[in-house]
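The next block holds one structure in the form of structure tokens; read it before the comments.
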Amino acid sequence: MKKIFYSLISVAMSLCVMSCSEKYITYDGPEYMMFADTLSTNMVLADGSSFYVPIASTVACDYDRTVGVEVVDAGSNAIEGKHFSLKSNSVTIPAGKLSANVEIVGHYDNIEPTDSLGFKLRLVIPEQLKWNDLYAGSDMTKVVMYKSCPFDINNFTGWCMVTSLLIYNYPGDNASYQRLIKTELHPTEENTVILHDAFYDGYDVTITFNPEEPAHPLVTMDSNQVLSDEASVLGWILGDNHILAEHSPYYDSYFNSCQRFVELWMHVYVEKVGENIGTVGHFYNILEWVSDEEADRLQREDGM
């Protein structure tokens with residue numbers, strides 16, 4: 001659920017600092033102001049804490065600069081005053097600085113667990129401060145909010161629907177790239193869940209939840225976990241006849257406490273006598289926990 005967008009802050013910071021007075025002049029270019037990102041995705045926490053949307057300038061001045069910030073109704077489905085509030089309708093870049101933050105409070109109790117709410121912000125600045133030649137529209141940004149429910153590891157036990165690009169590419173004996181599995185708490189490892197027959201029959205794996213930073217709810221997977229044997233899934237044996245997995249070093253994996261699902265990126269590989277001899281790939285998987293009633297329906301109607 002995570003999208004990476006090019007940050008305009010890096011552009012602003014890469015420029016040499018220019019001042020509006022002789023004391024700071026090191027760059028003889030124009031002054032522009034903008035939002036640092038075209039999109040800002042934020043978790044709304046139960047503690048009422050604020051989140052921040054940064055703005056940037058291409059120059060540093062020896063005095064404070066205050067500009068207006070307004071909510072644009074068009075293209076917004078979040079309601080100001082109900083779903084969120086701006087701490088202020090202005091933002092100040094302090095003297096000598098290149099950036100500042102718009103402070104926003106999300107109203108936790110008014111956001112449903114399944115809501116994906118967004119609104120647009122616009123900087124109220126003179127036309128000459130808009131970087132229209134290179135970054136047209138950078139005076140506006142889209143802010144997206146998601147509710148972050150309190151973490152309870154027990155919400156990630158019981159029946160789980162696995163939808164896997166690994167199984168899609170390497171089905172083995174699976175008739176579908178989706179499978180209904182049982183999960184339970186690990187008896188000794190904190191915040192760790194056992195996925196029974198996770199991707200292929202007869203092979204259990206574990207995942208660990210890291211809820212310490214609610215805005216970044218990460219999931220990890222220990223290395224060298226056996227998913228299956230090579231022969232029945234890949235059709236050949238090049239290593240120790242084990243298909244191994246760990247969490248991908250290239251993509252973060254996340255969990256959602258409100259909707260009880262995990263986005264798991266796995267690095268799948270093969271070893272021979274402890275030496276990595278090949279990567280099968282990096283595969284995206286969705287794990288969705290369902291009720292006993294839903295599991296029963298899936299078994300009856302879909303043959304899970």
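- With hydrogens and angles ignored, the 3.5 Å screen pairs a side-chain donor or acceptor of Asn174 with a backbone N or O of Phe199.
- Salt bridge Asp240/Lys272: absent, no basic N to carboxylate O contact under 4.0 Å.
- Here the closest heavy-atom approach between residue Thr58 and residue Pro30 is recorded as OG1-O, 3.2 Å.
- Considering every non-hydrogen atom in both Ser57 and Ile93, the closest pair reads CB-CD1, 4.0 Å.
- Taking all atoms of both residues into account, the shortest heavy-atom contact from Gly137 to Asn132 is N-OD1, 4.2 Å.
- Residue Val69 forms a side chain to side chain contact (heavy atoms under 4.5 Å, CB included) with just one option from Asn89, Leu123, Ile104, and that option is Leu123.
- The two residues Pro54 and Asp37 have their closest heavy-atom pair at CG-OD2, 4.2 Å.
- Side-chain contact of Trp289 with Thr183: a donor-acceptor pair under 3.5 Å is present, judged by distance alone.
- For the side-chain hydrogen bond (donor to acceptor under 3.5 Å, both in side chains) test, residues two or more places apart in sequence or in another chain that qualify with Arg297 are Glu294, Glu301.
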Apply ring pair (Phe, Tyr, Trp, His ring centres under 6.0 Å) to residues Phe255 and Phe151 and explain how you reach the verdict. CA-CA 10 Å; Phe255 69 88; Phe151 174 72; 5.3 Å; yes
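- No donor-acceptor pair under 3.5 Å is formed between the side chain of His242 and the backbone N or O of Leu244.
- Side-chain polar atoms of Thr163 and Gln178 form a donor-acceptor pair below 3.5 angstrom.
- In the hydrophobic cluster analysis, where Ile, Leu, Val, Met, Phe, Trp and Tyr join through side-chain heavy atoms closer than 4.5 angstrom, Tyr200 is grouped together with Leu234.
- Under 3.5 Å, the side chains of Thr192 and Thr206 contain no donor-acceptor pair of N or O atoms.
- Checked against the 6.0 Å centroid criterion, the rings of Tyr168 and Phe283 do not qualify as a close aromatic pair.
- Under a 3.5 Å cut-off, the side chain of Asn42 and the backbone N or O of Ser40 do form a donor-acceptor pair.
- A donor-acceptor pair is defined here as one N or O able to donate and one able to accept, closer than 3.5 Å; no such pair exists between the side chain of Asp115 and the backbone of Leu117.
- A side-chain donor-acceptor contact under 3.5 Å links Asn285 to the backbone of Leu264.
- In terms of heavy atoms, Lys147 sits closest to Cys258 at O-SG, 3.3 Å.
- Within the 3.5 Å criterion, the main-chain N or O of Pro94 finds no donor-acceptor partner in the side chain of Thr92.
- Looking at heavy atoms from C-beta onward, Pro187 lies in side-chain contact with Ile194 at the 4.5 angstrom threshold.
- Applying the ring-ring contact (aromatic ring centres under 6.0 Å, His included) test to every pair with at least one member in residues 74-96, sequence neighbours left out, gives these pairs: Phe84-Phe119.
- The shortest non-hydrogen separation linking Asn241 to Glu230 is N-OE2, 2.7 Å.
- A salt bridge links Arg65 to Glu31: one of the charged nitrogens lies within less than 4.0 Å of a carboxylate oxygen.
- Donor-acceptor pairing under 3.5 Å is lacking for the side chains of Asp222 and Thr220.
- Side-chain contact annotation: Ser253 with Glu263, donor-acceptor N/O pair under 3.5 Å absent.
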